[in-house]
Engineer: 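The following block contains the structure, expressed as structure tokens.
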2 protein chains.
Amino acid sequence: MNLTKTEENYIKAIFHLQQSEGNVTTNQLAASILTKPASVTDMLKKLTSKNLIDYEPYQGVRLSKEGKKQALMIVRKHRLWEYFLVEKLQFGWDEVHEVAEELEHISSKKLVEKLDAFLEHPKFDPHGDPIPDSNGNMVYMRLYNLKDVKPHVLVELCNVGSQSAELLDLLKHKNIVIGTRMEVLRKFSFDNSVEISIKNKPAITISQQLSEALFVKLI
Amino acid sequence: MNLTKTEENYIKAIFHLQQSEGNVTTNQLAASILTKPASVTDMLKKLTSKNLIDYEPYQGVRLSKEGKKQALMIVRKHRLWEYFLVEKLQFGWDEVHEVAEELEHISSKKLVEKLDAFLEHPKFDPHGDPIPDSNGNMVYMRLYNLKDVKPHVLVELCNVGSQSAELLDLLKHKNIVIGTRMEVLRKFSFDNSVEISIKNKPAITISQQLSEALFVKLI
DNA sequence: AATTATTTTTAGACAAACCTAAATTATTTT
DNA sequence: AAAATAATTTAGGTTTGTCTAAAAATAATT
Ligand SMILES: [Mn+2]
Ligand SMILES: [Mn+2]
Ligand SMILES: [Mn+2]
Ligand SMILES: [Mn+2]
């Protein structure tokens with residue numbers, strides 16, 4: 001059951017789009033893969049014949065059990081390589097995605113497992129996304145958008161909603177990284193800015209845009 | 001000037017086949033790439049139009065200046081990844097080639113340079129082959145096949161003529177690695193076996209087959 | 001319920017990389 | 001120098017993944 005790079009990219013795109021409810025539509029996939037709907041239909045037929053998806057014409061698509069298994073392994077590789085690039089090769093946050101997009105298609109099972117061991121089995125990638133283990137299991141964590149957190153609640157930054165250089169730049173300047181603990185002090189309804197305190201430091205104010213890009217867990 | 005994976009594999013194969021003299025023939029290439037001569041001819045036309053090779057129908061092929069430059073960068077990536085796999089991920093000698101065959105096609109310039117730095121700019125890959133630097137220069141070393149070395153000459157193992165698990169296994173058993181220094185004591189013409197001494201250890205005898213797989217430099 | 005708009009699929013083509021079989025060209029052998 | 005052999009190229013197809021344009025199905029409006 002060896003997949004081509006293109007098939008893998010489709011499978012992964014379906015995986016990300018189908019998160020939770022509903023079927024993934026042809027147009028959604030075309031947009032996500034930067035291709036045309038007609039090409040997607042062709043590929044959906046192919047993936048159906050390989051039993052990787054459940055697909056009814058005009059009704060959208062979901063991954064089959066086998067498809068989901070394959071998707072998890074691609075996501076595993078993608079996130080392990082991102083972790084490697086940031087932690088070992090000193091890449092920035094914002095630079096790793098495209099490279100990992102290529103590295104994720106290297107199929108050696110042994111390579112993945114040895115890389116995982118070398119990295120000491122990380123649980124999260126540099127953007128805070130969970131890394132599936134070799135069985136496809138990953139840590140689930142209930143996350144909240146910082147903009148929805150009530151004042152006086154202690155939280156820890158776990159994930160970012162964007163991987164842009166701009167966001168990385170801003171967070172660096174504010175000395176915030178994934179894992180940083182903070183408390184929401186108050187919120188200003190005029191501009192939806194949020195005042196937060198990071199331990200031992202004077203309170204700072206962050207913009208609505210920034211608060212919407214930060215996902216935290218309760219502690 | 002972006003090359004496909006297939007184009008890169010052809011360029012690299014030509015590079016390895018053309019070492020020193022003569023043009024590379026269509027049949028040589030077909031054998032090396034595990035394809036048919038007709039397919040090679042198609043690709044040679046394509047590479048000619050991209051100015052990567054000098055090719056006259058029926059007369060064989062050589063890399064152009066640009067082609068050689070590209071080939072050196074692919075070889076650089078291949079050997080850096082092999083070094084990474086052995087030194088960091090604990091792969092065996094014999095296991096790295098196929099994986100590196102895939103990794104070498106990842107095109108990020110930044111990735112190569114950062115990997116090189118992470119590995120501390122190694123000069124040789126795990127098989128003793130020189131790694132081109134970012135300008136395409138590599139260490140040249142006059143090597144001799146151990147079977148041709150005269151008695152009482154001190155030498156150092158620099159390269160192996162095979163990457164098989166079998167050779168690795170035998171060398172491990174005899175405690176020989178790349179870098180091991182040895183002296184040829186005498187040679188037996190009955191079976192072309194060679195008696196060598198490795199410092200502080202009792203003399204050992206190696207077979208003709210093994211002596212032909214070992215390449216050494218004089219010290 | 002009928003019309004219009006949107007989404008999706010089908011039909012027919014194309015480029016990349018490969019193939020087999022046949023035609024050419026080059027090299028050996030007689 | 002002619003004939004036989006070997007190497008190489010051409011001709012014509014296939015598969016994979018893509019595309020545009022047209023047809024069909026679904027969804028949204030009136
Ligand atoms: Mn990808
Ligand atoms: Mn990520
Ligand atoms: Mn390769
Ligand atoms: Mn090597």
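Below, chain A is the first sequence line, B the second, and so on; all start at residue 1.
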Engineer: Using atom OH of B/Y55 as one end and atom P of D/dT8 as the other, report the distance to the nearest whole Å.
Structural biologist: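 About 9 Å, once rounded to whole Å.
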Engineer: Using the ring pair (Phe, Tyr, Trp, His ring centres under 6.0 Å) criterion, which residues pair with B/F84? Sequence neighbours excluded.
Structural biologist: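 With neighbours one apart ignored, the set is A/F84, B/W81.
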Engineer: Among residues at least two apart in sequence or on other chains, which ones pass salt bridge (charged side-chain N to carboxylate O under 4.0 Å, His left out) with A/E82?
Structural biologist: none
Engineer: A/I33 has an atom CD1; how far is it from atom P of D/dC19, in whole Å?
Structural biologist: 11 Å
Engineer: Phosphate oxygens OP1/OP2 of C/dT8: is one of them under 4.0 Å from a side-chain N or O of A/N27?
Structural biologist: yes
Engineer: Sequence neighbours excluded, which residues qualify as ring pair (Phe, Tyr, Trp, His ring centres under 6.0 Å) partners of A/H16?
Structural biologist: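 Residues passing ring pair (Phe, Tyr, Trp, His ring centres under 6.0 Å) with A/H16: none at all.
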Engineer: Between A/L34 (CG) and D/dT18 (P), how many Å, whole number?
Structural biologist: 11 Å
Engineer: Return the set of residues passing side chain to side chain contact (heavy atoms under 4.5 Å, CB included) with A/K147 (not counting sequence neighbours), or none when no residue passes.
Structural biologist: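 Testing A/K147 for side chain to side chain contact (heavy atoms under 4.5 Å, CB included), a comparison that skips the adjacent residues, returns A/N145, A/S211, A/E212.
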Engineer: What distance do B/L115 atom CG and B/K77 atom NZ have between them, rounded to the nearest 0.5 Å?
Structural biologist: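 So the CG of B/L115 and the NZ of B/K77 are separated by 11.0 Å.
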Engineer: Where the side chain of B/T25 is defined as all heavy atoms beyond and including C-beta, which of D/dT18, D/dT8, C/dT9 is the nearest nucleotide?
Structural biologist: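 Of all the options, the side chain of B/T25 is nearest to D/dT8.
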Engineer: Kindly state each residue pair satisfying side chain to side chain donor-acceptor pair (under 3.5 Å) with at least one member in residues 52-74 of chain B, sequence neighbours excluded.
Structural biologist: B/E66-B/Q70
Engineer: Take the protein atom CG of A/L3 and the nucleotide atom P of D/dT16, then report the distance between them rounded to whole Å.
Structural biologist: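 Answer to the nearest Å: 13 Å.
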Engineer: Can you tabulate the close N/O pairs, meaning under 3.5 Å, that link protein atoms to atoms of nucleotides 20-27 of chain D?
Structural biologist:
| unit_1 | atom_1 | unit_2 | atom_2 | d |
| --- | --- | --- | --- | --- |
| D/dA25 | O4' | A/Y58 | OH | 3.4 |

Engineer: So B/T35, base contact, sugar-phosphate only, or nothing? Heavy-atom distance under 4.0 Å.
Structural biologist: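 It contacts sugar-phosphate atoms only.
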Engineer: Just the rounded figure in Å: distance from P of D/dT8 to CG of B/L44.
Structural biologist: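 Interatomic distance, CG of B/L44 to P of D/dT8: 10 Å.
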Engineer: Please give, in whole Å, the distance from C/dA26 P to B/N23 CG?
Structural biologist: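 Taking CG of B/N23 and P of C/dA26, I get 14 Å after rounding.
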Engineer: Considering residues at least two apart in sequence or located in another chain, which fulfil the salt bridge (charged side-chain N to carboxylate O under 4.0 Å, His left out) criterion with B/E8?
Structural biologist: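 B/E8: no salt bridge (charged side-chain N to carboxylate O under 4.0 Å, His left out) contacts found.
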Engineer: So what does B/T26 touch, heavy atoms closer than 4.0 Å: a base, only the sugar-phosphate, or nothing?
Structural biologist: sugar-phosphate
Engineer: Quick one: B/L29 CG to C/dC18 C1', roughly how many Å, whole number?
Structural biologist: 15 Å
Engineer: Send over the distance from A/N2 CG to D/dT16 C1', rounded to a whole Å.
Structural biologist: 16 Å
Engineer: Taking the six-membered ring of A/F91, is NZ or CZ of B/K114 closer than 6.0 Å to its centre and within 45° of its axis?
Structural biologist: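 Verdict for A/F91: a cation-pi partner in B/K114.
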Engineer: Would you name the heavy atoms of A/I178 and A/H127 that are closest together and state the gap between them?
Structural biologist: CD1-C, 3.4 Å
Engineer: Output all residues satisfying salt bridge (charged side-chain N to carboxylate O under 4.0 Å, His left out) with A/K123, sequence neighbours left out; order by chain, then residue number.
Structural biologist: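 For A/K123 there are no salt bridge (charged side-chain N to carboxylate O under 4.0 Å, His left out) partners, ignoring immediate neighbours.
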Engineer: Under 4.0 Å from any atom of DNA chain C, heavy atoms only: list the residues of residues 6-18 of chain A that qualify, in numerical order.
Structural biologist: none
Engineer: For DNA chain C, please output the secondary structure as dot-bracket, reading 5' to 3'. Pairs are Watson-Crick or G-U wobble, both atom distances under 3.5 Å; mark crossing pairs with [ ], other-strand partners with |, unpaired with a dot.
Structural biologist: ||||||||||||||||||||||||||||||
Engineer: When we call it a touch if two heavy atoms are under 4.0 Å apart, what does B/K5 touch: a base, just sugar-phosphate, or nothing?
Structural biologist: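 It contacts nothing in the nucleic acid.
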Engineer: Can you list, pair by pair, the side-chain donor-acceptor contacts under 3.5 Å of residues 26-43 of chain B, counting residues two or more places apart and other chains?
Structural biologist:
| unit_1 | atom_1 | unit_2 | atom_2 | d |
| --- | --- | --- | --- | --- |
| B/Q28 | OE1 | B/T25 | N | 2.8 |
| B/Q28 | OE1 | B/T25 | OG1 | 3.3 |
| B/T41 | OG1 | B/P37 | O | 3.2 |

Engineer: My understanding is that only residues two or more places apart in sequence, or in another chain, count here; which of them pass ring pair (Phe, Tyr, Trp, His ring centres under 6.0 Å) with B/H97?
Structural biologist: B/H78
